[in-house]
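Here's the structure we're looking at; comments come further down.
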There are 2 protein chains.
Amino acid sequence: MNGKLVIAVRVTIADVAEKAGVSKTTVSRILNGNLDHNTPETIKTVLKVVEELEYRPNALAKGLKSMKTNVIGIVLSNFRNEFWFKVLEGVEDTCKEQGYNLMICNSDGDPKLEEQYIKEFQMRQVDGIVINPTVRNQSLYEKLVANKYPMVVINRKIPSIHANNVVVDNIKGGFMAVNHLLENGRKHILAITFKHENISTWQERIEGYQEALTSHGLTENFYYILEITSLRKANQQIKKYLVDHAMIDGVFSTNNMLTLELIEALKKLDKKVPEDIGIVGYDDTIWAKHINPPLTTIRQPSYDIGKESAKLLINEIKSKESPTIKDIIFQPELVVRESSQEIKMID
Amino acid sequence: MNGKLVIAVRVTIADVAEKAGVSKTTVSRILNGNLDHNTPETIKTVLKVVEELEYRPNALAKGLKSMKTNVIGIVLSNFRNEFWFKVLEGVEDTCKEQGYNLMICNSDGDPKLEEQYIKEFQMRQVDGIVINPTVRNQSLYEKLVANKYPMVVINRKIPSIHANNVVVDNIKGGFMAVNHLLENGRKHILAITFKHENISTWQERIEGYQEALTSHGLTENFYYILEITSLRKANQQIKKYLVDHAMIDGVFSTNNMLTLELIEALKKLDKKVPEDIGIVGYDDTIWAKHINPPLTTIRQPSYDIGKESAKLLINEIKSKESPTIKDIIFQPELVVRESSQEIKMID
DNA sequence: CTGAAAGCGCTAACAT
DNA sequence: ATGTTAGCGCTTTCAG
């Protein structure tokens, strides 16, 4: 009971001013580094009182005046994929560096939720957002752009929207994966992907798949594409497809969660990797090199995507004048491991 | 150029009031569901104007009055472990259900950063926080509790702090893992853990390890404990230990990232799992059942931890009177797969 | 070098 | 049933 008496009272700038025997203005100025106007003396007193009272400026009040909160928001479409954590880590690190705080939400791929969250962020005067869009709220996106609301679209492209965009070259990623399989003696290559009409990501990886086949002189007869309708059904769908198409000797999985399902399916069907079937997955996850056999993957610089997206956003926020819209396209990388090894010639 | 002219002007409650020909009070009341006082007529008009103007109340101004933001914060200590993303998903889902928004940050295990973030959250008038503490800011924690700042501590316990606490029974988890190995014929069991003096998590899992040995009549002579000093050195340290202690026939890994390092080390040493060494990991990650051989693990209900923690926090926030502090202890679960299979008797 | 006063957008007594 | 008014805590002209 001795020592400091702890009472949960909010201490305001007025309290500091009073105790320091100065005006609120003075306190405000000093706390905002606007020191040119003050005696070293007053500065010292004020800072001491601030310390004693443990005064913390109320960010709400501050934001209300300036209409800047130093908060950015991120709208993700799922929390299940390791890829997004790394992106998030990058975003958070940038925030840390630049003195921003971060609000986060999960649209879960639902356009209604996406819209709701974006509006909530705006009501909270969040300075800008990073978003992996559902791509199904076109008029909303257009409105945001028209209002010059600072925004960075990541991972996907939104058709006919002129906004900052940070993506990985998915066509190239698809191409690299499939080209690698072809060069290692595979010929009947299945591409597994998600069925999502508007998502550029999947479309482009498949485009890369097709380009690779074409570049090896293989025509549409050699297109084997399986569109998974939901992660739950993936296992069944993959097994069925492989049974129905016994000629398949290589698989390009466009998503790391699908890759796990693929591996399980192959095990059930008693197909050996890479002897019977070579596989290449997308995203160099933490487990990729530890599974059996170690998985060849397309690596995406997920951390950097997050880091740069946030930088881009904060730059736009800070640049008062009409900001320049930027496209950043990261390059994927092929990480070769055993799962795709060359077919040995039978002697 | 026809149609709506888009101008990025903030529309305030005054604009709505004016256009609807009523006072700000009326608009405010109607928007806050305080409808008893108004004609259906006015309500209709106001709502129509709100719609037309696309008016969104400024949450900053709102919060400034009420000193409630409907935002909670979460302080995590890393973004690298899948476990935390499931927790986060749970927290986010609760926020979604209860109409809260979420701020997130990463202390990265650094007490200084932790302190900074907590203060930032408080300045932003965040209504409460969920935290996986570094456990190295004792006086700060005490102050938060003394000030009755709504808080839920997860995953770890903070010594002599009376705050809401949501954890998993780690002693039991350790016990289950090791007991299982013992019952399957292992006798020289290594426990791999992180060296962190104050973290209850690791201490308790090791406690469970010891209890299991004791319950099987094994004394301290049978304690094999390896404390990893950093994830980077893990591989080396594990290999060295296993070489130096050739009698080891079972390993209990207290952390899922360490498990991956363990598996790699075993592969390098040409030790067969489960024939030479049986292993049990912590956290039933997405890849646990897909690696080779499929991994026996202790599953933690990570999603529920997040979900319940946030519920607890929001309950505390909402309960005006002195809230009851709660402890929630979740139970871990043993998931048996091949990596720990019984040693076959040699005939 | 310092302070008084207005106002950011909203809510909530307190009128009427 | 609706409006007037006084702040919430802060910044920022404008005056001194």
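Throughout, a chain's letter reflects where its sequence line sits, starting with A, and its residues are numbered from 1.
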- prompt: Any side-chain N or O of A:Thr39 less than 4.0 Å from the OP1 or OP2 oxygen of C:dC1?
  reply: no

Rounded interatomic separation in angstrom, taking CD1 from B:Ile13 and C1' from C:dC8: 14 Å

task: Determine which pairs satisfy side chain to side chain donor-acceptor pair (under 3.5 Å) with at least one residue from residues 70-81 of chain B, sequence neighbours left out, and list them in order.
output: A:Glu89-B:Arg80, B:Ser77-B:Asn132, B:Asn81-B:Asn256

- prompt: Atom CG of B:Asn34 to atom P of C:dA12: distance rounded to whole Å?
  reply: 8 Å

query: Reckon A:Thr25 touches a base, only the sugar-phosphate, or nothing at all at heavy-atom distances under 4.0 Å?
result: base

query: Whole Å only: how far is the NZ atom of A:Lys24 from the C1' atom of C:dG3?
result: 11 Å

- request: Whole angstrom is fine here: how far is it from CG in A:Leu60 over to P in C:dG9?
  value: 14 Å

field: Distance test, side-chain N/O of B:Asn32 to OP1/OP2 of C:dT11, below 4.0 Å
entry: yes

statement: Of A:Arg56 and B:Ser23, the one whose nearest nucleotide on DNA chain D sits closer to the 5' end is B:Ser23

query: Just wondering, are more than 12 heavy atoms of other shown residues or ligands nearer than 6.0 Å to CD in A:Gln116?
result: yes

field: Comparing B:Thr12 and A:Thr26 on DNA chain C - which has the more 5′ nearest nucleotide
entry: A:Thr26

message: Under 4.0 Å, counting only non-hydrogen atoms across every strand here, what does A:Lys65 touch: a base, just sugar-phosphate, or nothing?
response: base

query: Can you check the A:Asn70 CG to D:dC10 P distance for me, whole Å?
result: 16 Å

field: B:Met123 CE - D:dC8 C1' separation (whole Å)
entry: 17 Å

task: Report yes if a donor N or O on one partner sits less than 3.5 Å from an acceptor N or O on the other, where the partners are the side chain of B:Thr42 and the base of D:dA1; otherwise report no.
output: no

B:Ser28 side-chain N/O to C:dT11 phosphate OP1/OP2 under 4.0 Å: yes

query: What's the CD-C1' distance between B:Gln125 and D:dG9, to the nearest Å?
result: 9 Å

message: Please compare A:Leu64 and A:Asn38 by the position of their nearest nucleotide in DNA chain C and report the one closer to 5'.
response: A:Asn38

query: Taking B:Tyr141 for the side chain and B:Val135 for the main chain, is one N or O donor matched with an acceptor at less than 3.5 Å?
result: yes

hbond_proxy B:Arg29 side chain to D:dG3 base (donor-acceptor, 3.5 Å cutoff): yes

- prompt: Are the aromatic ring centres of B:Phe85 and A:Phe85 under 6.0 angstrom apart?
  reply: yes

query: What is the distance from CZ of A:Arg124 to C1' of C:dC10, rounded to the nearest Å?
result: 14 Å

- prompt: Is the backbone N or O of A:Ala61 less than 3.5 Å from a side-chain atom of A:Asn58, with the two atoms forming a donor-acceptor pair by type?
  reply: yes

